[in-house]
Amino acid sequence: MLELNLRDTLSFISLLIGAVFIVIAGLGLYRMPDLFMRMSMTTKASTMGIGFIVIGVAIHFYADRPVVTKLIAIAIFILLTAPVSAHMLGRAGYRDALTKLWSGTWVDELHDQYNRRQHTLDSMDEAELAIANQKKPELT
Amino acid sequence: MTLAAWVLYVILPLLSLALLFASYRVLKGPTIADRVVAVDLITTIGIAIIVCFAIVSKHTLFIDVAMVVALTGFLGTIAFAHYIEQQKG
Amino acid sequence: MALIILLGFIVIPLIPLLHRWLGNQIGWVVSLLPFGLTLYFASYLGQISRTDKVLMATYEWVPSLGVNLSFRMDGLSLIFALTISGIGTLVFLYAGGYLKGDPNLGKFYVYLTFFMASMLGLVLANDILLLFVFWELTSIASYLLISYYHSEEASREAGKTALIVTGSGGLAMLAGLILLSIVTQTSTISDMFGQADAIQAHHLYIAILVLISLGAFAKSAQFPFHFWLPEAMEAPAPVSAFLHSATMVKAGIYLLARLHPILGGTAEWHWLITSIGGITMLVGGYLAWQQTDLKRILAYTTVSALGIITFLLGIGTKETIKAALLFFIVHAMYKAALFMVGGAIDHETGTRDIRGLGGLRSVMPITALGAALPALSMAGIPPLLGFFGKEVIYEGTQHADWAGLLTFAALLGNLFNVTAAGMVAIRPFWGELKATPHHAHEAPWMMWLGAVVLGIVSLGLGMVASAVLPLLQQGVEAVYGHEVGELHLGYAINLSLLLSLITLTGGIILYYGLEKLRPLVAPYDLGKRLGVAKGYHALMNGILKVANWEGRLIRHTHMRYYLLVIMGTLVITMGYVLISQARLGIDVKIGEIRFYEGVLALIIMIAAVAVTVAQSRLAAVTALGVVGFGVAIIFVLFGAPDLAMTQFAIEVLSVILFVLVLYRLPKFRTWKQRPSTTIRDAIFAGGVGLVMTVIVLAVISAPLNSRLTPYFAQASYVEAQGRNVVNVILVDFRGFDTMGEITVLAIAAIGVFGLLRLHEGKPLQRKIYRGFPSMILQTAIRYLVPILLLFSIFLLLRGHQEPGGGFVGGLVAAAAFALYGIAYDVAAARQALRVRPILVIASGLALAVASGLFSIPNNKTYMTSMWYDRNLPALGHVGTPFFFDVGVYLVVLGVMLLIIFNLAEQEETA
Amino acid sequence: MRPLLLNLFLGLIWTALTGEFTSVNFGIGLAGGYILIFIFQGALFPNGSYHKKVFQVVYFFLYFFWELLLSNLRVAHEVLTPKFSMKPGIVGIPLDLKSDLEITILANLITLTPGTLSLDVSDDKKTLYVHSMYVTDVDSFRASIKNGFEKRVQELFQ
Amino acid sequence: MNTLLVLPILVPFITAILCLFAWGHVVLQRWLSVTGTASLLVVGLMLLHTVNREGIQAIQIGSWAAPFGITVVVDLFSAIMVSITGLMGLLVVVYSLGSIDFERQRFGYYPLFCTLLMGVSGAFITGDLFNLYVWFEVLLISSFVLMALGGERRQLAGAIQYVVMNLISSSIFLAALGIVYSVTGTLNMADLALQIQQVQQPGIVTILAIMFLVAFGIKAAIFPLFFWLPASYDTPPIAVTAIFAALLTKVGVYALVRVFTLIFVQEMDGLREVMLASAALTMLVGVFGAASEYEFRRVLSFHIVSQIGYMLMGLALFTPLALAGTIYFLLHNILAKTNLFLISGVAQHLLGSYELKKMGGLYKSYPILGVLFLIPAFSLAGIPPLSGFWGKLLLVRAGLEIEQYLLVGVSLFVSIWTTYSMLKLWSEAFLKDSPQTDRPAQGLRQVGITLLLPIMILSLLTVLMGILAEPVVALTQRTASQLMNPSDYIQAVLKG
Amino acid sequence: MEVLLAIVIGVLYATGVYMILRRSLVKLILGLVLLGHATNLFIFTVGRLTHAAPPIMAEGEKVLLPPYSDPLPQALILTAIVIGFGVQAFAIVLLKRAYQTVKTDDFDTITVAH
Ligand code: NA
Ligand code: NA
């Protein structure tokens, strides 16, 4: 690492952080017990990871303005789209009867509001909120 | 070692590792949504590999490729999600 | 001369018109044609017979193949031509009576004229290929005439048999004729005459002889092909009289006679022709008297007579040739007459079974006369010409080698003829008048005229036999190939006369013993024993069985096995080459494999295998997506950004397609396959993979010296104004490829559209799609769509200089609209697009084509790029390749949207 | 208002993409953006207006990135340690936000924060359903969202 | 001149584009496609005239000198094939006017038809191997769609097999192209002819030759790669089958002839026996298949296979005379076979079936149709002096000249069985009485001139090509000698 | 890497061929797609591999300076990919229609239908 100048070092560190986040995302995807937690892990860890990687690359190419703007564009675009796709997939996954919530999932307020036949989703009224607020996790 | 070499011998292998994890999930599933999440991650890793590869190759052109991947990959995931829902009809 | 032959063909189209105008009167009008021809040929009698003159006429036809319209009239031709036109005249007249009232009479005369013209062509042709042409035409005419009563299956089958048998022989003959023309370097018969020695010494001589003889034998109903002729008796009587006794069946004999100077005179000729002729003569005669059907008797006697003539030609001395030609004339006259009589009897009484006929002379006296004279000629009774026919035969056989055997054979053959003459001409007319299906009357004049005329001519010629001599002389010389000295015909008391007497007596005895003899020989029925006809049908059926087996195999074999065959063919042939060609010289260093490259390769391979073992369709599709993605990354790693972009974009769209199509389909059965099948397929698949791997290694072992790439590297910017060489290749150097490529896309989209909208030939209604909208998605999309569109235009504009281009640009734009369609609905996306996708496609294609046209006014070839001199803002340097790329962009956009929109709309109906 | 902003935004993106920061190029970007917006106006802006709050935006982003980093570390810990300590649940958050854009931003922010995932919005847009890996107490979880992201988004759009 | 050479592609292409613009205006599309195909015919004849007079013509698309760009090159063979494409296009389009149902016309029949012709013409005139692939794909995708358009059950089943086979063929072709570029560094066919001789790895060239033989062999439907054809050709509307029969397998034959006379000349020694055997078996399996069939179109489909065998025979014999035979046979076969398909369509129109068992009585009711049938049928059987005879004569003579007696024997045997099949069709559909006594007889007038006119023209041409064979034979011989002496071709392309 | 890619190509061909020999039509089409990938990679590899050197000139250069990846195979593959996509799209829809009409995914049932 001694051979790297400061800029390269910064760049490398940023890249490394990014890569580690992405590995964590991969690991999360590998390890997590249900779809939603896998998504929770990957969508963000990867977003974070790609952010750092893009920053690292941008530092390396700092002089090339179009490249930097393109890299920023990539980052912004991912930032904009990743949650949307996560939402879409999560919603679809939830509506898919084959998807099983992890056994440790202790509360599911969506379940009673979603009408599987009509695909309608109600909001929670005051009464329901009140009842729901009483819930506490069981100690396992 | 230059930055390019560091990227080559550290960053890209790390990303490959992540790729392996993601591939496992593609193959394993169990639901289609799981696979799609994994493909989505693979797309992201792909973007990471490509931009890193720009450093290795000293060609910034590859960043354009990454942009295309980012833009169209989103469409793929949305389409999948959309049709997983449709299936229930 | 050519015109005379063509005359018949020219007249044909007029005949149906004539039939319409004249109705049943057509007969005697059409007869004017053969009558005129008879006169025409008769006018040459003098010239040819007196002066040795040979008339020749040659017109170019297909000189490239050395085939000419070359005609030649010598004694032999003239004998045949006169027979054809003369008997033709009578038969034409006869047909007018026989088929009176038949609505298809016009058609009948068309066939008959067609036949006569072809037959004349055959005997006058001086080119073996021209001869073959007419030869085949007579077969066709024969076919059409035999199956004239085409409502009857027997007629159709008989016609088919005749054509197949004579046609097969004809093809053998064609091969023989071609070999002959290869050997002689000419196809003109007269040019071959001088080459007889060379031909007969050639190693192909036997092949030529056998092949040509096969054709002649089949046509002239020689054993073992004789069986088609009796079957051909399904034809109307005029046909039997004309084609199947007097003329067409003599074509084979004509050919043998014609080629005798070229091929004859050898031991092979003797053995082959004589023995086949002899056997035919005996078989035909023997079978004849076992028949009871008038026409069948005549048919078998015809076979026998044809055998006699062949037999005589086979012997090939000048006496036997003289005998052959004279007997040809004699036979043509009496047999045609007898067939006409037979037809008249059938026509008037409604039966042809001789056992049910008798005493007709009282009701049909003129017909009886018409029968008697030819029958006497047939029996060889003086003073009819037939007497001489028989005399000269014996004269010929006596002087040949093996005289005893040959003469005895001839005697037997003739004996049967005497008997048969009695059966057809005496039996029906003498004795008690028997009741018949129709009440018999005298036949109309048209129907007895022919027989009577022929009888009288036979009689006349018999009394002035020398009249035929000059013509006969020329004929014999033409066949013999040399001068033969002066021929004679006359009464003399000699061995021949004795033999004639024996023949007559024996024939008469046989005739009277007929009824007793028939049951005696029945157990030894040669016809059934020989069973050639059966053999033929068995052969045909055998081949048909093979054919049916193949047909079933092809119909019932699964496509997959064919695929296996193809794969097998490839693997085995290529594997064989790879193994046998050690020179492939694989020389590749393993070299450095980077870790991430290894991982990538591993992932691609695992994903590919995963596709094969995936339990669900979408699992397979996702795995496939990984493969595509991996391939794209490889493109990145090895310096192909444009390729990678395209691969990524296409991959996403493919996945969408698969999802759109597959997901809504109900679960399929999975097909359990036997492990052996799986293993077999795996082995084949592995073989293909292995071969391809080895090929890659072999190919990259040698350096690649591209002729093209260095040029592209030099010219891309300097001459084509582009820094992105791949894009320059796509839109300029090889823009023509791209034009085809976008056409493929456009067609595929139209195809998808058509497939989705037309079901079982009927249009399907477009279903308005209602999804489950997500507010979050919709909100995000409002911002993303413009970004995507902008990016797509960006990609388009800079494609020439940097990665991108119209294709990827179009894909991104399509992605934008697809997203919009998912977030809202397809109808909204259609509205947002404003134009029908198909028009977008059309505009894109139009722009692409038009961009190439700019060069044409500048006198440059199509697609030569034209550049605007100045830089335009944002667009930079603008040229026609840019417009081409815009065309590509539009096509891709339109195509993707046409496909996706329609698929999404169809979703509801799935 | 919003179309104009979007137009500027598109013009900027254009110049960024082409990498030529010239006035002509920006003008072309603006023109191109204008054309696009003109064409797809109906589809993009059915109603609503846009409020510009530059400073809030900056502050907001800083806050967000901090949150993002923190929660990322938390899940990293979860993944890298062998034992799971999650208490996952799906919780409905009653919304005070009104406009689609606000709700979308909130939902996306929640999703982007590791451990949480916006699953769905009720049809009347009054409840946002969120999956979280760490719901020790439904009430306090709801409160944390409402006082955290929702409040800030609300501020941004006021 | 320059522009004339690309017109075989541009004319149908522009016609197709105009048809797309006229989407929804079927009548306009009909006029457009008739005009377009007629123009293609004119272009083809002009090319033929030019090439005949001035020798092989070549232009470089985009003015990029060969071998760097894409060359369009028209020799006699190409010009002949383009002309016949135009002719068949015109006739079948006219036939389509009256026979293709309105729904298919509405969903792109005409533009697809034009792109099919575009692809076919492109394949005939390109001088670049990869470009050949592209035009192949254009014609294939057009044919896929035409085959499936309408979505009837049988069509789909046929189309699937057809598509799969062709995709595999294309894969092989494409891989072979990769190797070609890899070992020679060029794609221009003329340049390739020179470069292939420099390849140091002869095994690779053999493999290439095999790959091309298989890839084009599938398209040409030779043994053992033919089975997709009888499985699919009887499924689409008859006009589609007719144009397929006219052109598609013939493009495969064209490609085989082109690459083996120009590029893989050396490899002919090794592959000749294989080709000879394949030719014989192709003839046999085709004709036997036909003998076993009792469906009009399927009989004809099998005969396509059989006759491809004859064409392959000419190539395998590899003498000028034999090649002339192949080309003559190609032309003759296009005219006769297409005509027979068109006639089968009219027969179906009149009798309501293609099943021979259910047909009959046509000759009695429509004698003119009978005559029109007999001409191509007898021609196909090689009866002189119709066109088929000369093709047979050329091939048989060529075979005998180089003492390939067995193959000649097979070809003659097959000829008899072709006669048999034609007689079967004639006998069953035309001669025997119709079994459907309840079906009211329709007048031939109801068939309409658009159906009859193409048939009449084709029958007339079959007769003329037989009786006035000389110009055609001479032309095919000159064509063959051009093919056998590739130096002219190479020079025309590479001179600039 | 060439050797490794050669093996990858072999595997892709093998899996593709294996898939087109299955009874399921869906598998058949997936197999064709795999074959497409195999062929593209095949052309790419036999066109020789060059690491990370896109055939694109830097701003200001007038000729492409070596080393660079050979642009021609890239252009060819690009064309092939696009054409392959078109055909594939059509084939997929054909499959869908065939299923809806014949009501089976079984290749054998569909191809032996007469
Ligand atoms: Na089959
Ligand atoms: Na064909």
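Hydrogens, waters and symmetry mates play no part in the numbers below; they use all other heavy atoms, side chains included. Sequence lines set the chain letters: A, B, ... in the order given, protein chains first and strands last, and positions in each chain run from 1. Source: prediction; values computed, not measured.
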**Complete:** Of the listed C:Ala623, C:Ala649, C:Gly625, C:Ala619, the one with the largest count of heavy-atom pairs under 4.5 Å with chain B is C:Ala619

**Prompt:** Pick from B:Leu20, B:Val36, B:Val56: which one has the most heavy-atom pairs with chain C under 4.5 Å?
**Reply:** B:Leu20

**Message:** Could you tell me if the side chain of B:Pro30 sits less than 4.5 Å from the side chain of B:Arg25, heavy atoms only?
**Reply:** yes

**Fill in**
Heaviest contributor of heavy-atom pairs below 4.5 Å to chain C, chosen from B:Leu14, B:Ile42, B:Leu17, B:Val39, is B:Ile42

**Prompt:** Are C:Leu797 and C:Phe882 close enough that some pair of their side-chain heavy atoms sits under 4.5 Å apart?
**Reply:** yes

**Distance-only polar pair, side chains of B:Asp34 and B:Thr31, donor-acceptor under 3.5 Å** = yes

**Prompt:** Measuring heavy-atom distances to chain B, does C:Leu788 have an atom under 4.5 Å in its side chain, in its backbone, in both, or in neither?
**Reply:** side chain

**Message:** Taking the side chain as everything from C-beta on, heavy atoms only, tell me whether C:Arg830 gets closer than 4.5 Å to C:Pro837.
**Reply:** yes

**Request:** Identify which part of B:Ser57 has an atom lying under 4.5 Å from any heavy atom of chain C, answering side chain, backbone, both or neither.
**Result:** neither

**Asked** Ring centroid separation for C:Tyr820 and C:Phe817, is it under 6.0 angstrom?
**Response** no

**Prompt:** Which atoms of B:Leu8 come close to chain C, meaning under 4.5 Å heavy atom to heavy atom: side chain ones, backbone ones, both, or neither?
**Reply:** both

**Request:** Using non-hydrogen atoms and a 4.5 Å limit, figure out which bit of C:Val636 sits close to chain B: side chain, backbone, both or neither.
**Result:** both

**Item:** Structural part of B:Thr77 lying under 4.5 Å from a heavy atom of chain C
**Value:** neither

**Message:** Do C:Pro641 and C:Glu802 make a side-chain contact, defined as non-hydrogen atoms from C-beta onward lying under 4.5 Å apart?
**Reply:** no

**Request:** Start with the C-alpha gap between C:Asn727 and C:Asp642, add the side-chain angles, then the distance that decides, and say whether side chain to side chain donor-acceptor pair (under 3.5 Å) holds.
**Result:** CA-CA 8 Å; C:Asn727 184 272; C:Asp642 282 282; 5.4 Å; no

**Message:** Heavy-atom cut-off 4.5 Å, strictly under: side chain, backbone, both or neither for C:Leu637 against chain B?
**Reply:** both

**Prompt:** In terms of heavy-atom proximity below 4.5 Å to chain B, should C:Leu819 be classed as side chain, backbone, both, or neither?
**Reply:** both

